[in-house]
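Take a look at the structure below.
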Amino acid sequence: MAEMFSTLGTWNWLIFGFILMALELAAPGVFLFWLGLAALLVGLLSFVFTPSWQMQLLMFAVFAALAVPVWRHFARGATEASKSNPFLNRRNEALVGREFTLEKPIVDGSGTVRIDDTVWRVAGPDAPAGSRVKVVRADGASLTVAIA
Amino acid sequence: MTGFDIFAIALVLLVIVTLFAGIKTVPQGYDWTIERFGKYTRTLSPGLNLIVPYFDRIGRKMNMMEQVINIPEQEVITKDNATVTVDGVAFFQVFDAAKASYEVANLNQAIIVLTMTNIRSVMGSMDLDQVLSHRDEINERLLRVVDAAVSPWGLKVNRIEIKDIVPPADLVEAMGRQMKAERVKRADILQAEGQRQSEILRAEGAKQGQILQAEGRKEAAFRDAEARERSAEAEARATQMVSDAIAKGDVAALNYFIADKYIKAFGQLADSPNQKIIMLPIEATSILGSLAGIGEIAKATFGESAASAAAAARRGSVPPAGPTPPPPVPPQR
């Protein structure tokens, strides 16, 4: 065991890094890549000076932990709603801002509108059937409307 | 191996395990709920997400795509006590992963049972005929009821469709017979109506024909009568004129007319090709006697020359008195 770690060297770190990066492609999770990057960094630093194998392991651990905030910084754009289809799986949010005709009057704060051949329940100020309403907020399956 | 060695190895393992636990990739179409010490805190949307390891835990992986579930077959008794077998499908989509995860246990089962009971109540309030012909209305009513019922669960039922409505076999057979009987009845009625119509048309045609014929006859009779009236009038006028003439002149003029007509008639008799024996009434001969009067009139009118010419003509063509039977002619064949 100790020998396995003590024989860790520059080249091994680099190889380990590439293997991790390749594994990332095989099993996407996007953090094997960062571990690989950490391993590469350890390998490159081993060229500059020759840390003990324990030091190398600690450096790897630190770089791996540091990768998280770095990765978050770069990944921020990606985790936000995708640009080409921001409402994928969020049909309710796509309705915000659109105007519809009340199918049933809003009584005591709830009524219905017909959208895309199905019926949506809406909440809002009381209004007679047939009046135009505008969706101002989508909260789950219920839409909040204002009179347009 | 020193403690530091073990520490270094353990730290690397810890970091790697922590990273594995803290970095979560949520695939598109899913929302994951996060529980901190077992209590729901937030929802992860698709993409890369970080959670705090050791505190946070992935709760439910909620499918946010529209899903379809089969509503299993069930027997429904309609208002008029027919038992039909019904099944269907329901389409729903989760919009609030937290509610769908924690407000209801076994979401699909809940939707299925809810839909099934509502199918029973909606279809149980309708007659079999209505059930079979008002599928849209059933779907609509189901959708409203079920959608309202599932709203606390953060999901929306977009559509409920009744797939099959199967009445029992004997009922289907009876319905088939009923339909056939109805068609046969319609055909019979149509045929009878056609016959009636044609009979009526025919009778009307005959009636019209007779009326037209009668009208024709009436018209003809009117015209005939008119003609007779006219001829009578003309006759009367002629008679009047003759009598006027007589009144003004000689009675012998009358004899002229009679003799003239008589001779013409006689001439016609004589011309008859197959009748050469002519019987004349005795009185007729006396009429011929009046011809003598004609001569006198002629004498009075045209003078002596005309009288002699008339006498000559008399000698030639008309026997002086009495009919002389013409010589017998052998039959032509």
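Residue numbering restarts at 1 for every chain, and letters A, B, ... go by the order of the sequence lines. All of these numbers come straight from a predicted model, not from anything done at the bench.
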Any non-hydrogen side-chain atom of A:Asn89 less than 4.5 Å from a side-chain atom of B:Phe95?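 Sidechains of B:Phe95 and A:Asn89: no contact.
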
Under 6.0 Å between ring centres: does that hold for B:Phe4 and A:Trp53?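 Distance test on ring centres: not under 6.0 Å, no.
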
Residues from residues 60-92 of chain B approaching chain A under 4.5 Å (heavy atoms):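 Interface residues of residues 60-92 of chain B: B:Met64, B:Met65, B:Glu66.
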
Could you walk me through whether B:Arg159 and A:Asp116 pass the salt bridge (charged side-chain N to carboxylate O under 4.0 Å, His left out) test, one step at a time? CA-CA 11 Å; B:Arg159 194 169 271 279; A:Asp116 298 337; over 6 Å; no

Measure A:Thr112 against the heavy atoms of chain B and call it side chain, backbone, both or neither at under 4.5 Å.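 Contact with chain B is through the side chain of A:Thr112 alone.
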
Interatomic spacing from CG in B:Asp31 to CZ in A:Arg90 - rounded to 0.5 Å: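 The CG atom of B:Asp31 sits 5.0 Å away from the CZ atom of A:Arg90.
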
Approximate separation, where rounding is to 0.5 Å, of B:Ile9 CD1 and A:Leu58 CG: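 Reported value, rounded in 0.5 Å steps: 10.0 Å.
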
Check for a donor-acceptor pair, side chain of A:Arg121 on one end and backbone N or O of B:Lys156 on the other, with a separation under 3.5 Å.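 Not at all, since once roles are kept as given, no pair shorter than 3.5 Å links the two residues.
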
Go through the atoms of [X] and report whether side chain, backbone, both or neither lie under 4.5 Å from a heavy atom of chain A.
X        : value
B:Leu143 : side chain
B:Tyr30  : neither
B:Val157 : backbone
B:Leu13  : neither

Residues of [range] with any heavy atom under 4.5 Å of a heavy atom in chain B:
range                       : result
residues 128-139 of chain A : none
residues 61-69 of chain A   : A:Ala61, A:Ala64, A:Ala65, A:Val68
residues 14-21 of chain A   : none

Shortest non-hydrogen contact from A:Ala141 to B:Gly154?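 Scanning both residues, the minimum pair turns out to be CB-C, 4.5 Å.
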
Residues, nucleotides or ligands: over 12 heavy atoms within 6.0 Å of A:Asp108 CG: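 Counting other residues, nucleotides and ligands, CG of A:Asp108 stays at 12 neighbours or fewer.
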
Pick from B:Val15, B:Leu155, B:Asp96, B:Leu14 with the largest number of heavy-atom pairs that fall under 4.5 Å of chain A: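 When all of B:Val15, B:Leu155, B:Asp96, B:Leu14 are compared, B:Val15 has the most.
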
Looking at chain A, which one of B:Lys99, B:Glu140, B:Lys24 has the largest number of heavy-atom pairs inside 4.5 Å, strictly under?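 Winner by heavy-atom pair count: B:Glu140.
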
Go through the steps for A:Leu57 and B:Leu11 under the test side chain to side chain contact (heavy atoms under 4.5 Å, CB included), then give the verdict. CA-CA 8 Å; A:Leu57 276 185; B:Leu11 186 68; over 6 Å; no

